[in-house]
Student: 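Below is the structure I would like to discuss, written out as structure tokens.
Because the structure is a prediction, the values reported are computed rather than measured.
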Amino acid sequence: MAQYTTIITGHGSFADGIKNTLNLLSIIPDNYKFVNFENGMAEADYKKALAKEVKPGEPTVLFTDIFGGTPFKVCAELAYHNDKVQVVTGCNIGSLMEATYNSYRSLRDYADDLVVISKNFTQRLGAEKVNN
């Protein structure tokens with residue numbers, strides 16, 4: 001099971017949506033936490049809620065919804081000031097589920113694998129006719 005604290009966060013109910021999906025498909029590890037950046041929430045309140053979940057000295061991955069949004073920027077600021085924090089963004093539920101059951105030598109390896117797995121899970125399907 002996941003060996004590093006993972007905080008899933010994003011716009012609206014992104015974190016709750018991931019949590020609900022994980023509940024349907026798997027078991028949520030005890031070290032997974034979920035923080036939403038709700039509509040109308042002040043950025044300062046969001047920072048406090050997120051900072052409360054990041055424990056000093058505890059290796060943590062912050063898993064955000066989209067690059068450049070407020071959740072990502074707040075997480076990036078936390079990571080900038082804490083070498084035990086990594087941020088991944090734009091990943092998907094498949095990557096989170098697969099990485100949950102892998103083991104890693106380091107927090108950085110875990111964060112990197114989330115990105116690689118997400119890219120591998122991203123596919124295109126089309127109904128084009130094949131010309132022979």
Side-chain angles (χ1 to χ4, degrees):
M1 202 54 79
Q3 65 197 89
Y4 298 106
T5 296
T6 303
I7 301 173
I8 294 94
T9 188
H11 294 87
S13 298
F14 176 80
D16 286 342
I18 295 288
K19 183 178 184 179
N20 290 336
T21 301
L22 286 173
N23 269 328
L24 285 171
L25 302 174
S26 184
I27 295 171
I28 298 175
D30 292 338
N31 57 351
Y32 277 21
K33 301 173 184 182
F34 304 85
V35 178
N36 290 314
F37 178 49
E38 298 286 353
N39 188 25
M41 184 181 216
E43 186 174 324
D45 292 333
Y46 174 66
K47 282 182 181 181
K48 286 179 191 172
L50 194 59
K52 186 172 73 172
E53 298 297 337
V54 178
K55 306 299 181 211
E58 186 174 296
T60 302
V61 163
L62 301 171
F63 183 99
T64 72
D65 55 354
I66 56 174
F67 179 79
T70 298
F72 171 79
K73 290 188 283 187
V74 170
C75 289
E77 183 179 336
L78 281 169
Y80 180 78
H81 297 289
N82 186 338
D83 65 352
K84 297 282 188 187
V85 173
Q86 294 280 312
V87 180
V88 296
T89 189
C91 293
N92 55 46
I93 189 73
S95 63
L96 190 58
M97 286 183 58
E98 184 171 324
T100 296
Y101 296 100
N102 292 339
S103 60
Y104 298 97
R105 292 185 312 230
S106 71
L107 182 68
R108 175 77 185 256
D109 286 347
Y110 173 48
D112 287 343
D113 202 35
L114 283 166
V115 174
V116 169
I117 296 168
S118 289
K119 289 179 181 179
N120 290 338
F121 269 102
T122 302
Q123 302 292 321
R124 183 193 65 79
L125 174 67
E128 296 91 7
K129 293 184 180 180
V130 177
N131 295 327
N132 289 330

Student: Without swapping roles, check the side chain of Ser118 against the backbone of Asn92 for a donor-acceptor pair under 3.5 Å.
Tutor: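 Answer holds: yes.
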Student: Can you name the nearest heavy-atom pair linking Ala111 to Val88, along with the distance?
Tutor: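 So the two residues come closest at O-CG1, 3.4 Å.
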Student: Can you see which heavy atom on Ser13 is nearest to which on Glu38, and at what distance?
Tutor: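 Smallest heavy-atom distance, with atoms named: OG-OE1, 4.2 Å.
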Student: Could you see if Val116 belongs to whatever hydrophobic cluster contains Leu107? Use Ile, Leu, Val, Met, Phe, Trp, Tyr and a side-chain cutoff under 4.5 Å.
Tutor: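 No, Val116 does not connect to Leu107 through the hydrophobic network.
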Student: Considering only NZ, NE, NH1 and NH2 on the basic side and carboxylate oxygens on the acidic side, decide whether Lys47 and Glu77 come within less than 4.0 Å.
Tutor: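 Yes, Lys47 and Glu77 are salt-bridged.
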Student: Could you measure the distance from the CD atom of Gln86 to the CG atom of Leu78? Nearest 0.5 Å is fine.
Tutor: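 Interatomic distance, Gln86 CD to Leu78 CG, rounded to 0.5 Å: 13.0 Å.
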Student: Could you tell me which non-hydrogen atom of Ile27 sits nearest to which non-hydrogen atom of Tyr101, and how far apart they are?
Tutor: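 Minimum heavy-atom contact is N-OH, 4.0 Å.
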Student: In terms of the angle between their ring planes, are Phe63 and Phe14 parallel, tilted or perpendicular, with boundaries placed at 30° and 60°?
Tutor: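 Parallel, since the angle between the ring planes stays under 30°.
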Student: With a cut-off of 6.0 Å (strictly less than), are more than 12 heavy atoms of other residues, nucleotides or ligands near CZ of Phe121?
Tutor: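 Enclosed: over 12 neighbouring heavy atoms sit under 6.0 Å from CZ of Phe121.
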Student: Between Cys91 and Leu114, what is the shortest heavy-atom contact and its length?
Tutor: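 Closest heavy-atom pair between Cys91 and Leu114: SG-O, 3.7 Å.
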Student: Roughly how far, to the nearest 0.5 Å, is the CG atom of Leu24 from the CD1 atom of Ile93?
Tutor: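 Answer rounded to 0.5 Å: 9.5 Å.
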Student: Give a yes or no answer on whether the side chain of Asn20 reaches the backbone of Asp16 with a donor-acceptor pair at less than 3.5 Å.
Tutor: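 A pair under 3.5 Å: yes.
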Student: Determine yes or no for a side-chain-to-main-chain donor-acceptor pair under 3.5 angstrom, with Gln123 supplying the side chain and Asn120 the backbone.
Tutor: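 Confirmed, Gln123 side chain pairs with Asn120 backbone.
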Student: Please say which of Thr6, Ile7, Ile8 ends up in a side chain to side chain contact (heavy atoms under 4.5 Å, CB included) with Phe34.
Tutor: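 It is Ile8; the other options fail the test.
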Student: Could you grab the distance from atom CD of Glu53 to atom OG1 of Thr60, nearest 0.5 Å is fine?
Tutor: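 Glu53 atom CD to Thr60 atom OG1 measures 10.0 Å (nearest 0.5 Å).
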Student: Indicate yes or no for a side-chain donor-acceptor contact from Gln3 to the backbone of Tyr104 under 3.5 Å, with no hydrogens or angles considered.
Tutor: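 Flag set: sc Gln3 to bb Tyr104 pair under 3.5 Å.
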Student: With no hydrogens and no angle check, do the side chains of Thr89 and Thr64 hold a donor and an acceptor under 3.5 Å apart?
Tutor: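 Present: a donor and an acceptor within the cut-off.
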Student: Could you report the tightest heavy-atom contact between Thr9 and Cys75, atom names first, then the distance?
Tutor: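 Minimum heavy-atom separation between Thr9 and Cys75: CG2-SG, 3.7 Å.
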Student: Would you say Ile28 ends up clustered with Leu25 if hydrophobic residues are merged whenever their side chains have heavy atoms under 4.5 Å apart, either directly or through other cluster members?
Tutor: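 They do share one cluster, since a chain of ILVMFWY contacts under 4.5 Å joins Leu25 to Ile28.
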Student: Compare every heavy atom of Lys73 with every heavy atom of Gly68, then report the nearest pair and how far apart it is.
Tutor: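 Heavy atoms of Gly68 and Lys73 come nearest at O-CE, 3.4 Å.
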Student: Could you tell me if the side chain of Ile66 sits less than 4.5 Å from the side chain of Phe72, heavy atoms only?
Tutor: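 Phe72 does not reach Ile66 side chain to side chain.
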Student: Measure the CG-CD distance between Asn102 and Glu98 for me, rounded to the nearest 0.5 Å.
Tutor: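 The distance works out to 5.5 Å.
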Student: Give the ring-plane orientation class for Tyr110 versus Tyr4, where under 30° counts as parallel, over 60° as perpendicular and anything between as tilted.
Tutor: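 Answer is parallel, since the angle falls under 30°.
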Student: Mind checking the CG-CG spacing from Asn36 to Asn39? Nearest 0.5 Å is all I need.
Tutor: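 So the CG of Asn36 and the CG of Asn39 are separated by 11.5 Å.
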Student: Please examine the side chains of Lys55 and Thr5, heavy atoms only from C-beta on, and report whether any two atoms are closer than 4.5 Å.
Tutor: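 Contact flag for Thr5/Lys55 side chains = no.
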Student: In Å, rounded to the nearest 0.5 Å, how long is the span from CG of Leu96 to OH of Tyr32?
Tutor: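 Atom-to-atom, Leu96:CG and Tyr32:OH are 4.0 Å apart.
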Student: Measure the shortest side-chain to side-chain distance between Phe37 and Leu50 over non-hydrogen atoms and say whether it is less than 4.5 angstrom.
Tutor: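 No. Closest side-chain heavy atoms not under 4.5 Å.
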